[in-house]
Amino acid sequence: TTIFSPASVHVFNVKAGDVSVLQKLDIKTVQKGKESMWHLDKIEVVRLDNGVVSTFIKRDWISVDSGASINKHLPPTDWKVVLVTGDVEDITFDAKVFVTINGADGSIDEAELTNPVVPTGKTAADYKPFTRNSSDTFMLKAGDVGEISYVQLRLEPGANPTTWYLEQLELTNTTTGATFLMPCKSYFNQYSSTSYLYPQSSSTYKISVYTSDVKDAAFDGDVYVKLSNY
């Protein structure tokens with residue numbers, strides 16, 4: 001029997017099935033001696049073929065009767081969430097918005113988007129989010145899940161009817177600067193309130209614009225470019 005004494009570290013090599021992204025540990029304890037409570041600080045799991053380290057922090061007591069489930073510890077970060085409402089008619093909104101962020105290193109629990117960032121020139125009293133052809137920004141403090149796999153967006157309708165058209169969601173990890181653009185182009189209402197959004201793959205392009213060497217070729221306006229594959 002291994003004695004897990006105070007301030008000790010025990011290392012075990014365990015061969016097990018491939019669980020891909022490790023997100024949770026379930027712990028079961030079996031009493032062998034007189035001790036029925038164990039104060040666990042943390043468990044680190046290293047996948048030996050790629051060196052990926054997953055840390056599960058407990059820092060609490062575990063009893064023989066209850067055991068414990070520990071979610072993977074994710075480094076904290078601030079996520080910037082931008083929701084773009086489409087330029088469509090008859091937008092009405094009375095709902096709460098929730099997101100669940102899933103990534104290569106794990107996932108975070110569903111969180112409500114509250115306290116939008118008030119745009120410059122407006123006050124909190126006169127600012128109304130989710131109106132036609134608008135962008136609304138929210139800051140969300142949560143774990144860093146790494147490369148984004150998908151975001152689940154869910155509405156909880158209020159007392160009044162909601163007809164909302166979400167053009168896209170933009171998610172930025174403010175620690176790393178990584179930005180993920182997720183098109184939606186879907187309506188939400190009391191009958192359709194959940195959507196799964198996936199990042200659009202992106203590349204950085206260098207665009208060189210050559211103005212012709214002909215008389216009066218100059219132009220002093222704005223130029224917009226749309227890249228298409230069809």
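Predicted model, so just to flag it, every value in this text is computed and none were measured.
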Does [X] reach the side chain of [Y], with side-chain heavy atoms less than 4.5 Å apart?
X      : Y      : answer
Thr162 : Asn189 : no
Ile27  : Ile43  : yes
Glu147 : Phe180 : yes
Gln152 : Thr194 : yes
Thr77  : Pro75  : no
Leu140 : Ile101 : yes
Ile62  : Met37  : no
Leu181 : Leu171 : no

Which heavy-atom pair separates [X] from [Y] by the least distance, and what is that distance?
X      : Y      : value
Glu167 : Gly86  : OE1-CA, 3.9 Å
Tyr127 : Ser135 : OH-O, 4.3 Å
Pro199 : Ser149 : CD-O, 3.2 Å
Ile108 : Ala142 : CD1-CB, 3.4 Å
Lys128 : Thr131 : O-CG2, 3.4 Å

### Query
Using 4.0 Å as the upper bound for N to carboxylate O, is an ion pair formed by Asp78 and Lys80?
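No salt bridge links Lys80 with Asp78.
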### Query
Going by an N to O cut-off under 4.0 Å, is there a salt bridge joining Asp87 and Arg132?
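A salt bridge links Asp87 with Arg132.
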Answer with yes or no whether the hydrophobic clustering places [X] together with [Y]; edges join I, L, V, M, F, W, Y residues whose side-chain heavy atoms lie under 4.5 Å apart.
X      : Y      : result
Val9   : Val14  : no
Val82  : Trp79  : no
Ile148 : Val97  : yes
Tyr210 : Tyr224 : no
Val45  : Ile70  : yes

Can you measure from [atom1] ([X]) to [atom2] ([Y]) and round to the nearest 0.5 angstrom?
X      : Y      : atom1 : atom2 : answer
Gln200 : Met182 : CD    : CE    : 10.5 Å
Thr137 : Asn115 : OG1   : CG    : 13.0 Å
Thr92  : Asn160 : OG1   : CG    : 8.5 Å
Thr55  : Leu22  : OG1   : CG    : 10.0 Å
Phe130 : Ile91  : CZ    : CD1   : 11.5 Å
Thr163 : Tyr191 : OG1   : OH    : 10.0 Å

For [X], does the [atom1] atom have more than 12 heavy-atom neighbours from other residues, nucleotides or ligands under 6.0 Å away?
X      : atom1 : answer
Tyr198 : OH    : yes
Phe98  : CZ    : yes
Asp109 : CG    : no
Asn50  : CG    : yes

Please check this pair: side chain of [X] against backbone of [Y], looking for a donor-acceptor N/O pair closer than 3.5 Å.
X      : Y      : answer
Asp26  : Ser69  : no
Thr176 : Ala178 : yes
Ser193 : Arg154 : no
Gln168 : Glu170 : no
Asn102 : Val151 : no
Ser186 : Cys184 : yes

### Task
Start with the C-alpha distance between Trp38 and Thr29, add both sets of side-chain angles, then the distance that settles side chain to side chain contact (heavy atoms under 4.5 Å, CB included), and finish with yes or no.
CA-CA 9 Å; Trp38 175 37; Thr29 56; 3.9 Å; yes
### Summary
From the list His73, Lys72, Glu44, side-chain contact (heavy atoms from CB on, under 4.5 Å) with Ser54 holds only for Lys72
### side-chain contact (heavy atoms from CB on, under 4.5 Å) partner of Leu153, the single match among Leu83, Thr100, Leu113
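Going through Leu83, Thr100, Leu113 one by one, the side-chain contact (heavy atoms from CB on, under 4.5 Å) with Leu153 is satisfied by Leu83 alone.
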### Query
Does the ring centre of Phe4 sit less than 6.0 Å away from the ring centre of His10?
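Yes, ring centres under 6.0 Å apart.
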### Message
Tell me if the centroids of the rings in Tyr187 and Trp164 come within less than 6.0 Å of each other.
### Response
no
### Side-chain donor-acceptor contact under 3.5 Å, Asp90 with Tyr165
no
### Query
Would you say the side chains of Gln23 and Ser107 form a donor-acceptor pair under 3.5 Å?
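Looking only at side-chain atoms, Ser107 and Gln23 do form a donor-acceptor pair, the distance falling under 3.5 Å.
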### Task
Go through Leu166 and Leu197 one step at a time and tell me if the side chain to side chain contact (heavy atoms under 4.5 Å, CB included) criterion holds.
CA-CA 11 Å; Leu166 178 62; Leu197 309 178; 4.3 Å; yes
### Task
Could you walk me through whether Met139 and Val117 pass the side chain to side chain contact (heavy atoms under 4.5 Å, CB included) test, one step at a time?
CA-CA 8 Å; Met139 300 304 299; Val117 177; 4.2 Å; yes
### Task
Give me the ring orientation class for Trp61 and His39: parallel if the planes are under 30° apart, tilted from 30 to 60°, perpendicular past 60°.
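Plane angle over 60°, so perpendicular.
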### Message
Between Val81 and Leu169, does the side chain to side chain contact (heavy atoms under 4.5 Å, CB included) criterion hold? Intermediate values first, please.
### Response
CA-CA 7 Å; Val81 185; Leu169 181 150; 4.2 Å; yes
